[in-house]
Amino acid sequence: MSIAATQNRGFGATLWDYLTTVDHKKIGNMYIAAGAFFFLIGGLEALIIRIQLIKPENDFITAGLYNEMITMHGTTMIFFAATPILIGFMNAIMPLQIGARDVAFPFLNALGFWLFLFGGILLNLSWIFGGAPDAGWTSYAPLSLQSPGHGVDFYVMGLQLSGAGTLMGGINFIVTIVTMRAPGMTYMRMPLFSWTTFVTSILILFAFPALTVGLFLLMFDRMFGSAFFDVALGGNAIIWQHLFWIFGHPEVYILILPAFGIFSEIIPAFSKKRLFGYTSMVFATFLIAFLGFMVWAHHMFTVGLGPVANAIFAVATMAIAVPTGIKIFNWLATMWGGSITINSAMLWALAFIPSFTIGGMTGVMLGAASADYQYHDTYFVVAHFHYVIVGGVVFGIFAATHYWYPKLFGRILNEGMGKLAFWLFFIGFHLTFFIQHFLGLMGMPRRYWVFLEGQGLDTGNLISTLGAFLMGLGTIVVLINVIYTAVKGEKAPADPWDARTLEWSIPSPPPEYNFKKLPLVRGLDPLWIEKTEGKGKMTAAEPAVDIHMPNGSIFPFIMTIGFFIASLGFIFQVDNHLWLLAVYFGMALALGTMLARSLKDDHGHHIHKEELEREAD
Amino acid sequence: MNNDNMNIDKINSFQKQQNKEEMKKQIITFVLMIAFTVVAFAVVASGLEAIYAVPLILILAVVQVGFQFYYFMHMKDEGHEVPSSLIFGGIWVAVLTILTMTTIIWW
Amino acid sequence: MSQDHSLNPETMPHDPAKATTEGKHKFFGLWFFLGGETVLFACFFGTFIALRNSTAGGPTSQELFGLELVFLMTILLLTSSLTSVYAIYHMKNNDFKKMQLWFGITALLGIGFLACELYEFAHYITEYGFTFRSSAFGSSFYTLVGFHGGHVVFGLSWLIALMVRNAKRGLNLYNAPKYNTFSLYWHFIDVVWVFIFTVVYLMGMVS
Amino acid sequence: MNGWMGKIRTVLLLGILSIVLAACGKENLTALDPKGYGADTSMDMIILTTLIMVVVFIVVIIIYSIVLIRFRRKKGQEDYIPKQVEGNHTLEMVWTAIPILLVLIMGIPAVMTVFNLADESEASDSLNIEVTGNQYWWHFNYAGEEVVTSQDLYIPTGEKVYLNMQSSDVIHSFWVPSISGKMDVNPENVNTMYIEAYEEGVYWGKCAELCGPSHSLMDFKVIAVSPEEFEQWIGDMQNVDPAAIPQDAVAQEGKDLFEANNCMGCHAIGSSPSAVGPNLTNFGDRTKIAGYLEPTEENIVDWIMDPDSIKPGNKMAGMYPDLTKDEASSIAAYLMQLKPSEITPESAGGIK
Ligand code: HEA
Ligand code: HEA
Ligand SMILES: [Cu+2]
């Protein structure tokens with residue numbers, strides 16, 4: 001996407017460049033682009049859902065297709081839109097923020113991206129190969145075992161691929177932060193977005209394995225006749241629910257913590273104040289992560305785990321309000337006494353505070369187990385999680401897009417369109433989801449293909465659908481803005497927002513090696529310190545040296561293709577054993593590439609200091 | 001590779017000696033581990049009742065694994081602070097998971 | 001100095017596995033990976049514990065398991081853990097030949113372990129008709145133990161690839177971290193096995 | 001611009017509020033108008049937590065508004081750099097302590113009500129009903145009474161009724177919003193919960209766990225009648241003679257067809273606990289057919305001719321020979337006269 005750099009090269013060369021790149025910024029951009037694409041698909045599915053629910057007993061789509069729609073909407077949005085876009089920002093921004101030239105495992109980074117992308121493609125291929133998964137994004141057994149066709153198989157293999165990719169990303173980020181901080185960048189001087197990247201990665205590390213295991217069990221039951229969830233042979237379907245939610249609840253914090261990090265960058269930048277209560281913000285982040293692992297059964301209050309389990313999990317769940325509250329009030333206190341500029345990035349951040357607070361508070365209401373007996377599996381829950389996800393995560397993504405676009409692509413997004421998109425989306429969002437709280441309490445369960453006539457649910461659903469279209473319009477405006485800016489936008493200076501952290505001390509877009517000389521960090525908000533102390537730019541921590549860079553490689557891509565082929569083989573060997581050949585071939589390709597990679601020494605290359613000096617400052 | 005991120009303190013007899021000391025501890029560790037294993041098997045072979053046997057062999061396993069981590073895998077050495085806190089994080093999640101599966105799954 | 005350059009006593013850093021940036025990355029990366037693996041195996045263990053009495057009328061753990069073979073397997077794997085410690089010891093002393101030798105013994109012990117496991121599975125299937133599909137117990141047993149076995153297979157392939165690739169080159173700063181991460185991984189496999197013989201076999205025989 | 005945003009907000013909020021206040025949903029369906037013990041208990045928690053949330057939200061919004069009004073960057077002050085505040089321990093303590101307190105205020109009653117709603121101590125001397133969830137219908141077996149129904153669950157008012165629930169296929173969830181919160185119906189174990197209706201009425205029940213294409217059509221009703229009427233209903237149901245010959249000639253023909261096509265292979269009439277398909281003993285009294293359609297002959301005929309068009313994915317489709325329209329309407333006539341008791345949904349005030 002970095003237009004300037006690729007203009008005078010052929011399409012083939014550019015493509016090859018992206019297929020083989022191990023540059024964290026390019027990979028980050030690819031994550032964001034692919035995630036945005038999946039967001040559009042997921043949004044389209046949301047619109048279809050809302051059209052079906054525009055009036056009672058509508059027959060816009062069939063019952064089976066409706067279930068496919070919600071499943072694909074939820075799965076796509078969570079795994080292939082929100083998570084990867086956030087990982088994209090982490091990839092592109094975090095190393096810049098901590099003053100690193102790269103991530104710890106550039107090769108793995110590329111592999112992680114390709115696995116995610118092909119996981120998403122695999123999942124969506126199910127539309128063509130006889131039907132998408134239809135057991136909900138939670139895929140509860142035994143419904144998911146019973147589901148005909150290959151839909152759920154695509155779900156299993158698609159998530160397995162992308163899950164492996166995400167896990168690699170997580171490990172990579174942790175190692176990067178532990179080992180590659182610039183001189184002087186102590187842990188307690190790291191920007192909050194880097195902190196949340198760190199904590200999110202830890203969550204990924206501990207949460208995704210549970211999903212991996214769950215998916216293996218489901219895969220074995222569906223494809224190889226094992227009996228984990230088969231009651232007749234002694235299986236127990238509740239195991240799936242536990243495994244899914246041991247993963248699933250941390251996953252929602254995997255989504256929201258980076259968004260918190262984004263807001264913790266934007267709010268200080270546009271209030272011209274340092275973040276209020278930095279230490280407690282870091283502490284709260286850890287506390288949320290820690291508690292996040294002890295509340296999963298709040299999704300299972302009605303399963304019949306008994307009062308003891310329900311009571312423990314209810315109290316643990318509500319406790320998360322405390323660290324989250326600390327954050328909300330710290331943001332407010334950051335703005336208090338500041339000098340607030342409201343532009344499109346800040347608008348999203350400002351809208352986030354009340355919207356997310358509503359979502360969080362309905363979360364606490366859900367946490368009261370005896371009240372959840374009423375809310376559970378109704379539109380109240382749908383309202384809750386869209387408030388936190390859209391009002392928190394999606395707003396965060398939009399905010400980050402406006403804030404960091406200049407850094408990543410060297411151009412500033414158009415303000416007018418930015419504001420228009422914001423208002424359309426913001427109003428649409430509240431129209432769509434606020435009313436759903438009441439729909440739920442008025443007796444509308446979720447995952448309902450139709451609601452019946454004469455049950456007092458008509459108006460609410462109509463309003464909700466209209467709101468969804470406003471959100472659609474808003475999204476389209478953002479899209480136009482991005483395209484328009486890429487072609488005609490105003491060029492961005494290195495530090496367009498007069499911001500505080502290291503990424504703004506280098507050119508926009510940053511050179512391949514990020515920092516010509518590693519900066520010396522003298523405190524929190526290093527760039528701001530240099531600016532207020534009159535220097536305006538970072539001091540170097542080292543003399544000019546040759547910069548070591550990793551070599552690009554096509555191996556990650558080939559390896560992924562291997563796993564992709566093997567996954568297709570696994571899915572279809574149920575029908576015809578010849579497909580096992582695809583499994584063998586795919587695995588051989590993947591493992592062979594792995595072997596080749598480990599046998600071939602790759603020491604990377606150096607950019608020589610003479611070359612660097614020749615480039616203008 | 002640049003010289004600056006490498007400690008070129010050369011190998012000397014002092015370090016050799018140190019490595020040897022270290023190796024002795026490793027052997028003691030190994031002997032202990034084998035001993036724990038033998039005890040665990042013996043407990044089961046002796047037909048001790050489950051209420052005594054199960055906690056006993058579980059404790060033996062945990063201690064043995066502790067040795068493995070701290071000595072064989074050097075978690076006791078410095079430079080292992082972050083890895084060990086993450087391992088403990090993993091163990092914490094693992095404990096929660098297993099506790100759930102053993103207690104409330106059949107509620 | 002080039003990484004490829006074989007180490008000699010003149011240039012030997014104290015801990016060759018962590019002397020380079022890449023080495024440090026590998027070291028931390030593997031440890032964190034093991035943190036994730038802990039959760040992975042915990043989930044398999046949890047599933048197994050929940051389902052271990054769900055035999056659906058098929059063979060139970062008491063009927064199936066015997067102590068002798070498991071004991072043998074345990075000793076094999078524990079010893080292989082020690083031999084890999086020896087190998088790393090020789091790495092630190094910059095004695096490449098002895099390191100390869102001890103890793104070679106490690107590999108042989110690992111292969112021995114795998115052979116026992118395969119024999120065990122075959123025995124259950126042919127003698128008792130106890131398979132992956134027999135019951136929820138069967139599914140969870142083969143999955144847990146099989147995933148561990150899979151880790152052993154992967155570890156062995158990794159080790160053999162390393163040994164063959166570097167046989168002629170000797171120890172250097174590029175491959176020392178690779179050997180080191182392998183040995184950590186191998187110890188972890190042993191750790192998991194300790195819980196498997198305790199929870200699956202021993203507890204299966206007492207209750 | 002801020003004023004403009006404020007106005008839009010107010011208009012929106014007022015609009016939404018007026019819609020909401022105009023109706024808090026359909027009587028006997030909405031959870032907001034509880035008519036049973038469980039729903040009541042949950043409602044107390046809902047109100048308590050909502051009040052606390054509203055207070056917290058108002059606090060947040062007040063600070064937020066002040067910030068937005070007072071601390072916008074002013075014209076002519078573009079170079080103004082505010083004081084860089086690190087934090088404030090007292091303030092941070094305050095906004096840690098108060099939420100902890102609030103969580104306790106909510107947590108304690110939550111725990112108490114959870115235990116209260118799980119209390120099974122009275123189960124042995126109460127009415128116990130075995131509930132079976134099936135794709136996509138509900139089966140009710142009155143334990144020890146030799147009475148079986150499907151889709152319409154009759155219970156006495158003013159007493160706890162224990163439901164022992166299990167699924168025959170996938171997970172379902174039993175939910176009668178205005179009487180009680182929901183409980184999952186799992187295939188591998190029996191879940192027990194009690195319900196108590198305060199007053200007579202026909203209450204809407206819904207399946208609340210995704211169970212396949214027709215999940216949204218898996219409606220049922222709880223018909224709460226006075227204890228005396230309930231006794232009478234039980235008696236009437238026990239006295240049903242499955243073999244009784246209908247008076248009406250068409251219905252007679254329907255009965256013959258019913259037998260000839262082996263409908264009894266799945267559907268019992270009488271107290272047989274068999275549950276392959278819904279029990280039809282009091283089919284003529286059903287509030288709805290297929291869970292959601294008016295009980296007219298036309299609808300029954302449509303159902304018999306092509307069940308899949310009415311409930312996609314249901315298991316009756318294709319289990320019997322094709323029938324002509326006439327045959328189907330004879331069967332409908334037979335089924336519609338299956339009215340063993342004078343106690344009907346009308347006794348509870350009819351469907352609302
Ligand atoms: C980004 C995603 C995200 C986030 C951040 C959250 C945050 C929270 N969630 Fe949510 N949740 C989901 C995504 C998310 N959730 C999803 C996707 C589902 C449904 C999955 C499915 O079934 O498909 C779900 C479902 C869900 C349930 C299950 C409902 C059911 O199925 O019956 C519950 C129950 O307890 C719950 C609770 C909470 C709580 C307590 C928080 C807390 O973290 C919120 C904390 C925040 C605040 C409380 C606001 C700010 C605080 C203050 C201003 C301080 C003062 C406040 C008080 C003292 C109250 N969530
Ligand atoms: C990150 C997570 C995320 C996000 C962002 C969203 C966003 C939206 N969701 Fe979400 N939703 C879920 C996660 C998410 N959802 C999950 C997990 C479930 C549960 C699934 C389940 O039950 O299993 C769910 C379920 C769910 C339901 C309940 C379905 C049911 O239970 O029956 C509804 C209904 O209104 C809904 C609506 C919406 C709407 C209107 C948006 C809007 O915000 C979307 C706005 C975006 C657009 C409108 C895109 C517009 C784009 C275009 C118009 C361009 C298209 C062009 C091209 C493709 C080229 N969602
Ligand atoms: Cu949750």
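Below, chains carry the letters A, B, ... as their sequence lines are ordered, and counting in each starts from 1. All values below were derived from every heavy atom in this structure, side-chain atoms included, with hydrogens, water molecules and symmetry-related copies excluded.
- Both the backbone and the side chain of D:T96 come within contact range of chain A, each with at least one heavy atom under 4.5 Å from a heavy atom of that chain.
- Here the closest heavy-atom approach between residue A:Q374 and residue D:S42 is recorded as CG-CB, 3.5 Å.
- Residue A:F283 qualifies as open at atom CZ: its count of foreign heavy atoms under 6.0 Å is 12 or below.
- Between A:D377 and D:A208 the shortest heavy-atom distance is OD2-O, 2.7 Å.
- Summarising the geometry, atom CG belonging to D:N191 is positioned 8.5 Å from atom OG1 belonging to A:T302; distances are rounded to the nearest 0.5 Å.
- Side-chain atoms of A:K273 never come within 3.5 Å of backbone atoms of D:Q84 as a donor-acceptor pair (strictly under, hydrogens ignored).
- Both the backbone and the side chain of D:N88 have a heavy atom closer than 4.5 Å to some heavy atom of chain A.
- Across D:D169 and A:Q146, no two heavy atoms sit closer than the pair CB-NE2, 4.1 Å.
- The environment of NZ in D:K74 is crowded: more than 12 heavy-atom neighbours from other residues, nucleotides or ligands sit within 6.0 Å.
- Ranked by heavy-atom pairs under 4.5 Å with chain D, the first of A:S339, A:G277, A:A63 is A:S339.
- The most heavy-atom pairs under 4.5 Å with chain A, out of D:G212, D:S178, D:G38, D:A97, come from D:G212.
- In this structure, no portion of A:T279 lies under 4.5 Å from any heavy atom of chain D.
- Inter-residue side-chain proximity for D:L102 and A:V364 is flagged as unmet; no heavy-atom pair is nearer than 4.5 Å.
- Counting heavy atoms from C-beta on, the side chains of D:I171 and A:L143 never come closer than 4.5 Å.
- When all heavy atoms of A:L350 and D:Y64 are compared, the closest pair comes out as O-OH, 2.5 Å.
- Within the 4.5 angstrom heavy-atom criterion, no atom of A:A284 approaches chain D.
- The most heavy-atom pairs under 4.5 Å with chain D, out of A:A369, A:P445, A:P268, come from A:P445.
- Using a distance-only test at 3.5 Å, with no hydrogens or angles considered, no donor-acceptor pair links the side chain of D:E188 to the main chain of A:G234.
- With a threshold of 4.5 angstrom between heavy atoms, D:I52 does not approach chain A through any atom at all.
- For A:N67, the part lying near chain D is the side chain, with the backbone staying farther off; criterion is any non-hydrogen pair under 4.5 Å.
- In this structure the side chain of A:F276 reaches within 4.5 angstrom of the side chain of D:L91, judged on heavy atoms.
- Rounding to the nearest 0.5 angstrom, the gap separating the CZ atom in D:F57 from the OG1 atom in A:T357 is 6.5 Å.
- Interface residue D:I100: backbone and side-chain heavy atoms are both found under 4.5 Å from chain A.
- Using a 4.5 Å heavy-atom cutoff, the side chains of A:N330 and D:W95 are in contact.
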Checking side-chain contact (heavy atoms from CB on, under 4.5 Å) for the pair D:F115/A:N310: CA distance, chi angles, key distance, verdict?
CA-CA 9 Å; D:F115 276 93; A:N310 278 3; over 6 Å; no
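- Only the side chain of D:P312 comes within contact range of chain A, with at least one heavy atom under 4.5 Å from a heavy atom of that chain.
- Per-residue counts of heavy-atom pairs under 4.5 Å with chain A were compared for D:M43, D:M165, D:Q135, D:H89; the largest is that of D:Q135.
- Residue contact with chain D, scored on non-hydrogen atoms closer than 4.5 Å, involves the backbone and the side chain of A:Y375 alike.
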Between A:I238 and D:N189, does the side-chain contact (heavy atoms from CB on, under 4.5 Å) criterion hold? Intermediate values first, please.
CA-CA 10 Å; A:I238 308 296; D:N189 74 307; 5.6 Å; no
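- There is no contact between A:L439 and chain D, counting heavy-atom distances below 4.5 Å.
- In this structure, the portion of A:Q241 lying under 4.5 Å from any heavy atom of chain D is its side chain and not its backbone.
- Taking each heavy atom of D:P82 and A:G337 in turn, the nearest pair found is CB-O, 3.3 Å.
- Heavy atoms of A:A141 lying under 4.5 Å from chain D belong exclusively to its backbone.
- Chosen from D:P177, D:A118, D:S214, the residue pairing most often with chain A at heavy-atom distances under 4.5 Å is D:P177.
- In this structure, the portion of A:A333 lying under 4.5 Å from any heavy atom of chain D is its side chain and not its backbone.
- Among the candidates D:T192, D:I46, D:D44, D:V111, the residue making the largest number of heavy-atom pairs closer than 4.5 Å to chain A is D:I46.
- With a 4.5 Å cut-off on non-hydrogen atoms, A:W528 touches chain D through its side chain but not through its backbone.
- Between chain D and the options A:D134, A:V308, A:I340, heavy-atom pairs under 4.5 Å are most frequent for A:I340.
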Apply the test side-chain contact (heavy atoms from CB on, under 4.5 Å) to residues A:Y373 and D:M193: give CA-CA distance (whole Å), side-chain angles for both, the deciding distance (0.1 Å), then the verdict.
CA-CA 11 Å; A:Y373 299 160; D:M193 83 173 205; over 6 Å; no
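- Residues D:L217 and A:V450 approach most closely at CD2-CG2, 3.8 Å, considering heavy atoms.
- For the atom pair A:L305 CG and D:D184 CG, the distance stands at 9.0 Å (nearest 0.5 Å).
- Residues D:E209 and A:R447 are in side-chain contact: their nearest non-hydrogen atoms beyond the backbone lie under 4.5 Å apart.
- Within 6.0 Å of CD on A:E57 lie more than 12 heavy atoms contributed by other residues, nucleotides or ligands.
- Proximity of A:T378 to D:W175: side-chain heavy atoms (C-beta onward) are separated by under 4.5 Å at one or more points.
- You'll find the side chain of A:W336 reaches within 4.5 Å of the side chain of D:I63, heavy atoms only.
- No side-chain heavy atom of A:F329 sits under 4.5 Å from any side-chain heavy atom of D:E92.
- In this structure, the portions of A:Q455 lying under 4.5 Å from any heavy atom of chain D include both its backbone and its side chain.
- Top candidate by heavy-atom pairs under 4.5 Å with chain A, chosen from D:E86, D:R70, D:M183, D:M106, is D:E86.
- The candidate from A:Y66, A:Y140, A:W331 with the greatest count of non-hydrogen atom pairs under 4.5 Å with chain D is A:Y140.
- Taken to the nearest 0.5 Å, the CE atom of A:M365 stands 10.0 Å off from the CD1 atom of D:I47.
- No part of D:L48 comes within reach of chain A, as not one of its non-hydrogen atoms sits under 4.5 angstrom from that chain.
- Interface remark: A:L441 contributes backbone and side-chain atoms alike to the contact with chain D (heavy atom separation under 4.5 Å).
- Taking OG1 of A:T71 as the start and CG of D:L210 as the end, the distance is 7.0 Å to the nearest 0.5 Å.
- For the set D:G87, D:G181, D:S216, the entry with the most heavy-atom pairs within less than 4.5 Å of chain A is D:S216.
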